[in-house]
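Worksheet: the structure to be examined is printed underneath.
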There are 2 protein chains.
Amino acid sequence: MHNVNMKAEQLHQLIWMSRPLMQAAESCVEDGLAGTNLTVRMRAVLEILHKYGEQTVPELAARLEIQRQYVQIMCNETLASGFIEQRANPRHKRSPILALTNQGSTLIEDILSNEMQIMQEMSEGLSTEDIATALKVVLFVVDGLKKRAGERK
Amino acid sequence: MHNVNMKAEQLHQLIWMSRPLMQAAESCVEDGLAGTNLTVRMRAVLEILHKYGEQTVPELAARLEIQRQYVQIMCNETLASGFIEQRANPRHKRSPILALTNQGSTLIEDILSNEMQIMQEMSEGLSTEDIATALKVVLFVVDGLKKRAGERK
DNA sequence: TCATATTGACATTATGCATGTCATTTTGAC
DNA sequence: GTCAAAATGACATGCATAATGTCAATATGA
């Protein structure tokens, strides 16, 4: 009985740490971008292209799960920066494929490796099992919350 | 060696689940507000007043860690709704104390209890230890990220 | 008393999206 | 090959959630 409330209480706390967690993570990423001429959203474009390879704006939008109109803007900015470039798309002549330039490729690899370095340093204070457990719990909770939101619709 | 990368990788995943987690949680809260004439930010005002008792706008702002000018707007809206009211502040005549009305008090208790119900249902799929571990890990990570951001400044 | 701080009110700006519309391709079914 | 439907880029608008700046009134405290 009391245990049930305890669990719910802790779960509640966990869920609402998501905001500070996100803010802290984002401002950390932002710090890592200092001196690169990149914005956070340009970094996001580079990251996806690095992770999943060259692709079009609509593909990127699907991957990022945000509207293509906004992704278009992000990509145009990134294009202007010279870290990505357009290549002819054999599958769709109006929608060029976006690809990292050498410069962009080097840059995003550098950034990601610095970020991973931070992850490694931080993970030293935690056990492998605890991290795995935390990830499992969070995935479970996100899933549960999404289902619940889905029901209502 | 490989284990180190594994940990970093999982930690990375965990951290970046914070955004979907937050979004899912917020849209769940929003669902719970349907039919109440409350907005999410009005709910936030009621929640703080319920949790920490009656207080002034600047106090609320400190608690929410957002600028008092914005909190002022939230509070004015909430005042207009009739769920909170102003009371004379003996400590500062220009800054009335905001307190829940009976209506507001009933409403926020109702909302919070529904939300806790959801927490309980969801926590059934998880063990007490796993939830505690997840919370511990997340707190540790937030702390670590904040320190890191703090250093740079 | 009087300099300083606090507060509410108001204005402006920024960020991160969602949504709508349009003209121009492009695609796919026939 | 034709043609309706879909995809795409470009542009406009709107909205929530703030941050920031300013001002006048008032309150505080030395």
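Chain naming here is simple, since letters A, B, ... match the order of the sequence lines and numbering starts at 1 in each. Just so we're clear, the structure is a prediction, and the values are computed from it rather than from any experiment.
A salt bridge links A:E47 to A:R43: at least one charged side-chain nitrogen sits closer than 4.0 Å to a carboxylate oxygen. Using a 4.0 Å cut-off between a side-chain N of Lys or Arg and a carboxylate O of Asp or Glu, A:E85 and A:R87 qualify as a salt bridge.
Residue B:R91 contributes atom CZ, which lies 18 Å from atom P of C:dA5 at whole-angstrom precision. We find that CD1 of A:I73 is positioned 14 Å from C1' of C:dG20, with the value rounded to whole Å. Distance B:E77 CD to C:dC10 P: 14 Å, rounded to the nearest Å. Between the CD atom of B:E26 and the P atom of C:dA18 there is a distance of 14 Å, given to the nearest Å. In this structure, CD of B:Q72 is placed 16 Å from P of C:dT6, rounded to the nearest angstrom. B:Y70 has its OH atom 18 Å from the P atom of C:dA14, to the nearest Å. A straight line from CZ of A:R68 to C1' of C:dG20 spans 11 Å, rounded to a whole angstrom.
Using a distance-only test at 3.5 Å, with no hydrogens or angles considered, no donor-acceptor pair links the side chain of A:T133 to the main chain of B:T133. Formation of a donor-acceptor pair under 3.5 Å by the B:S95 side chain with backbone atoms of B:H92 is not found in this model. With hydrogens and angles disregarded, a donor-acceptor distance shorter than 3.5 Å links the side chain of B:S81 to the backbone of B:T78.
In this structure, B:V40 reaches neither bases nor backbone, as no heavy-atom distance under 4.0 Å exists between it and the strands shown.
Nucleotides of DNA chain D that come within less than 4.0 Å of any heavy atom of chain B span, from the 5' end to the 3' end, D:dT17 to D:dT28.
At a cut-off of 3.5 angstrom, the base of C:dG20 holds at least one donor-acceptor pair with the side chain of A:Q69.
Considering only side-chain atoms of B:P96, the nucleotide from C:dC17, C:dG8, C:dT6 that sits closest is C:dG8.
Take the nearest nucleotide of DNA chain C for A:Q67 and for A:R94: the residue whose nucleotide is more 5' is A:Q67. Both A:N76 and A:R19 lie close to DNA chain D; mapped to their nearest nucleotides by heavy-atom distance, the more 5′-ward contact belongs to A:N76. Between A:S95 and A:I66, the residue whose closest nucleotide on DNA chain C is further toward the 5' end is A:I66.
Across A:Q55 and A:L60, no two heavy atoms sit closer than the pair OE1-N, 3.6 Å.
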Might you work through the salt bridge (charged side-chain N to carboxylate O under 4.0 Å, His left out) test for A:K7 and B:E124, ending with a clear yes or no? CA-CA 9 Å; A:K7 280 172 73 172; B:E124 278 168 24; over 6 Å; no
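Side-chain nitrogen and oxygen atoms of A:R41 include at least one within less than 4.0 Å of the OP1 or OP2 phosphate oxygen of C:dG16.
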